[in-house]
2 protein chains.
Amino acid sequence: MAPTTGVAGDHVERMLARYRDLALGALLDDVPAGGPRYLYDLVTEYPRRWGKGLRAALCLATCRAFGGAPSVGLNAAVTVELFHNAFLIHDDIQDASEQRRGGRTLHAEYGVGVALNVGNMTNLLALQRLAANRAALGSGIAWRLFEETELMLRHSLEGQAIEVGWIRDNVGDLDADDYYRMCLKKTSWYTCIYPCRTGILAATGRERAVDVLDRYGWYLGAAFQIQDDALNLTGDYADYGKEIAGDLWEGKRTLILIDFLRRCTADERERLVEFLGRTRAQRTAAEVRWLHGRLLAYDCVEAARRSARDLAAAARREGERALGSAVDTEDGRFLLDLTDYVVDRSR
Amino acid sequence: MAPTTGVAGDHVERMLARYRDLALGALLDDVPAGGPRYLYDLVTEYPRRWGKGLRAALCLATCRAFGGAPSVGLNAAVTVELFHNAFLIHDDIQDASEQRRGGRTLHAEYGVGVALNVGNMTNLLALQRLAANRAALGSGIAWRLFEETELMLRHSLEGQAIEVGWIRDNVGDLDADDYYRMCLKKTSWYTCIYPCRTGILAATGRERAVDVLDRYGWYLGAAFQIQDDALNLTGDYADYGKEIAGDLWEGKRTLILIDFLRRCTADERERLVEFLGRTRAQRTAAEVRWLHGRLLAYDCVEAARRSARDLAAAARREGERALGSAVDTEDGRFLLDLTDYVVDRSR
């Protein structure tokens, strides 16, 4: 396993920063000045806070690895970042989250009415960037990118429905496969698979073989999500930027929680199911502390991290297979080293 | 002014029902069966409850009046109805509304997490219907319909931002022009102007002169919104389907409220501004009753209804001008008689 500090880690950080800055600059240029209060100024709120820019970087690096100039993939990279920011705004409302990227969530600061609308406007700006591919890449490829976007949105919304449904129905009998199916739809598709597919499409201008990085993206996204779940329980707030143990307050069915439910005693299970049956507002800090302690005592966080590392290794193998001779390019190396980065990151 | 009962009113109701049934059938056919819980089954929840289908009817009647068969405009009609239903779901969350079309709002019944997601999926289904125009009408017209949709969404979201901003900032110094500007964006564009423009585009296949019904749509939408505001205060729940005086609980800046703010005494104004400064949860039934009584005592509802009738008459004149010889067709008559319908309706 390559460390994120050291040469490979530095390389990943540098490439992420380069592509993030490229996409973020273009994204901010897209947002109209003026207009009514509480709209365009707030669209830029989450993007301006620190973000990894992982999705834009995946799209642009894939585009280059498949022979395209970054400029060819820029619309697609900005599109996915805009969808991502819209998703964060809406997701924070849905989960009643209070912190995001080191600041208060948009709805906590401005109310649900404003925040929901800003999320919708962010989605609209994503669609406008998507449509800009018509002039840049021609009508045929632009339509294909539109179809890819529909597919990605469908998976993401179905994944979100699975997760909110589990919380709503207080589902307790889940196994790792349930988690992975949800994770494929909720995280992997829009975070990794979609940026890779649109990067390939933009680079090659061919409508076929856009799926060669699907497995890479699927494993990478799952590893990324599990590490995110782990950081939520063990991270440092200054790095992580979200409230620590927020997932427990929200009743999220993470791989970590599912593992605990499978291995805990009957008494512990009963206590947990009762906890999960309450609303967020009904949960107490003492209960969250108890659960947090149990998850660590049972080594559930470390077990999940091991799964994440296995997934990262699988992503690397799939990436090497799909990239062929491009593994030795700057972008090929970045895509492969990213597999270690997502599980070693502290933020 | 033509009554909605009587020959013209019956004709309007019949045409609305015909086009609503056509669009609703196609809409329901679009929604996938199966999938995760709390998603596709809930997408059909608001459409299945009684709705006027005004937007679909405007689109299909305009399409026919401009020489197109209804089948040519069907995708556009379903698209606007889907966007409308998504807008209702999100709007109900934003306003914390409890009733919609005679039942509980989606978020009141299933929680904000589920409802917000269902609204997003409804928007996605609208985009998919929009994309279906590529096969039906060709790539060029399909792109133009996409551009019209972007424009409509931009106006709608800006209008929504204006309204939620007024509530958030507790703005009291508004005049009728402020209301009409907000109403043009929030209501007229997506309810009337957009369906007319897309109906013309689908019918003629020409990219120009899609704006000939813009003024008709603008006046019609404003008349429709004012009547909606009036019904909120004076309607019968069984017909109207939303909580009576809900707008007062929500602090909505309607033309009626703006008129009262302009004409009331200093004491009344002070009391109202204090009321409006509270959150919905902090408002009491006694205060709402007082305000409701004041609005009626000052004849503000009737004054607003007079403005709505003036707007309806203006819409008729603009419609007659734009429709030319089509005024004598079944659809031309429907579009003109609709101007009376929107201000005379009880639901």
Side-chain angles (χ1 to χ4, degrees), chain A residues 32 35-40 42-43 86-87 90-91 93-96 107 110-125 127-128 130-131 134 139-140 142-143 146-147 149-150 152-154 156-169 171 181-182 185 250 279, chain B residues 32 35-40 42-43 86-87 90-91 93-96 107 110-125 127-128 130-131 134 139-140 142-143 146-147 149-150 152-154 156-169 171 181-182 185 250 279:
Chain A
R37 291 191 74 175
Y38 305 119
L39 189 58
Y40 298 116
L42 297 184
V43 164
F87 185 80
H90 284 177
D91 193 57
I93 296 171
Q94 292 175 290
D95 296 340
H107 71 92
Y110 298 98
V112 168
V114 166
L116 206 164
N117 205 47
V118 172
N120 284 341
M121 178 52 84
T122 308
N123 273 329
L124 174 57
L125 293 174
L127 286 177
Q128 291 187 340
L130 186 65
R134 186 186 176 200
S139 183
W143 279 118
F146 190 87
E147 287 170 0
T149 302
E150 288 179 335
M152 173 277 286
L153 290 172
R154 183 157 65 80
S156 301
L157 295 173
E158 288 186 358
Q160 192 75 346
I162 293 171
E163 184 163 61
V164 296
W166 285 348
I167 293 175
R168 184 173 164 74
D169 291 341
V171 175
R181 270 191 292 271
M182 183 273 291
K185 283 184 173 284
E250 292 161 18
T279 65
Chain B
R37 292 191 73 175
Y38 305 120
L39 190 59
Y40 298 116
L42 297 184
V43 164
F87 184 79
H90 284 177
D91 193 58
I93 295 172
Q94 293 175 289
D95 296 340
H107 71 93
Y110 298 98
V112 168
V114 166
L116 205 163
N117 205 48
V118 172
N120 284 341
M121 178 52 85
T122 308
N123 273 328
L124 174 57
L125 293 174
L127 287 177
Q128 292 187 341
L130 186 65
R134 186 187 176 199
S139 183
W143 279 118
F146 190 87
E147 287 170 359
T149 302
E150 287 178 336
M152 173 277 285
L153 290 172
R154 183 156 67 78
S156 300
L157 295 173
E158 288 186 359
Q160 192 75 347
I162 293 170
E163 184 163 61
V164 295
W166 285 347
I167 293 175
R168 184 173 163 75
D169 292 341
V171 174
R181 270 191 292 271
M182 181 273 290
K185 283 185 174 282
E250 293 162 17
T279 65

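All of these numbers come straight from a predicted model, not from anything done at the bench. So you know, we letter chains A, B, ... as the sequences are listed, proteins then strands, and number each from 1.
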Residue, of A:L153, A:L157, A:D95, A:T149, that accumulates the most heavy atom pairs under 4.5 Å with chain B: A:L157

Between A:A131, A:G35, A:A96, the one whose heavy-atom pairs under 4.5 Å with chain B are most numerous: A:A131

Nearest heavy-atom neighbours spanning A:E158 and B:M121: CG-CE, 4.4 Å

Distance, nearest 0.5 Å, that separates CG of A:L116 from CD of B:Q94: 5.0 Å

Nearest-0.5 Å distance, CG of residue A:N117 to CD1 of residue B:I93: 12.0 Å

Interchain contact, B:R37 with chain A, by part (heavy-atom threshold 4.5 Å): both

Toward chain A, the part of B:L124 with a non-hydrogen atom under 4.5 Å: side chain

Please examine the side chains of [Y] and [X], heavy atoms only from C-beta on, and report whether any two atoms are closer than 4.5 Å.
X: A:V164; Y: B:Y110; result: no
X: A:V112; Y: B:V112; result: no
X: B:N120; Y: A:N120; result: yes
X: A:Y38; Y: B:Q160; result: no

Residue among B:A142, B:S139, B:S156 with most heavy-atom pairs under 4.5 Å to chain A: B:S139

Top contributor to chain A contacts, counting heavy-atom pairs under 4.5 Å, from B:I162, B:T279, B:L127: B:L127

B:E163: partners by side-chain hydrogen bond (donor to acceptor under 3.5 Å, both in side chains), with sequence neighbours left out: B:K186

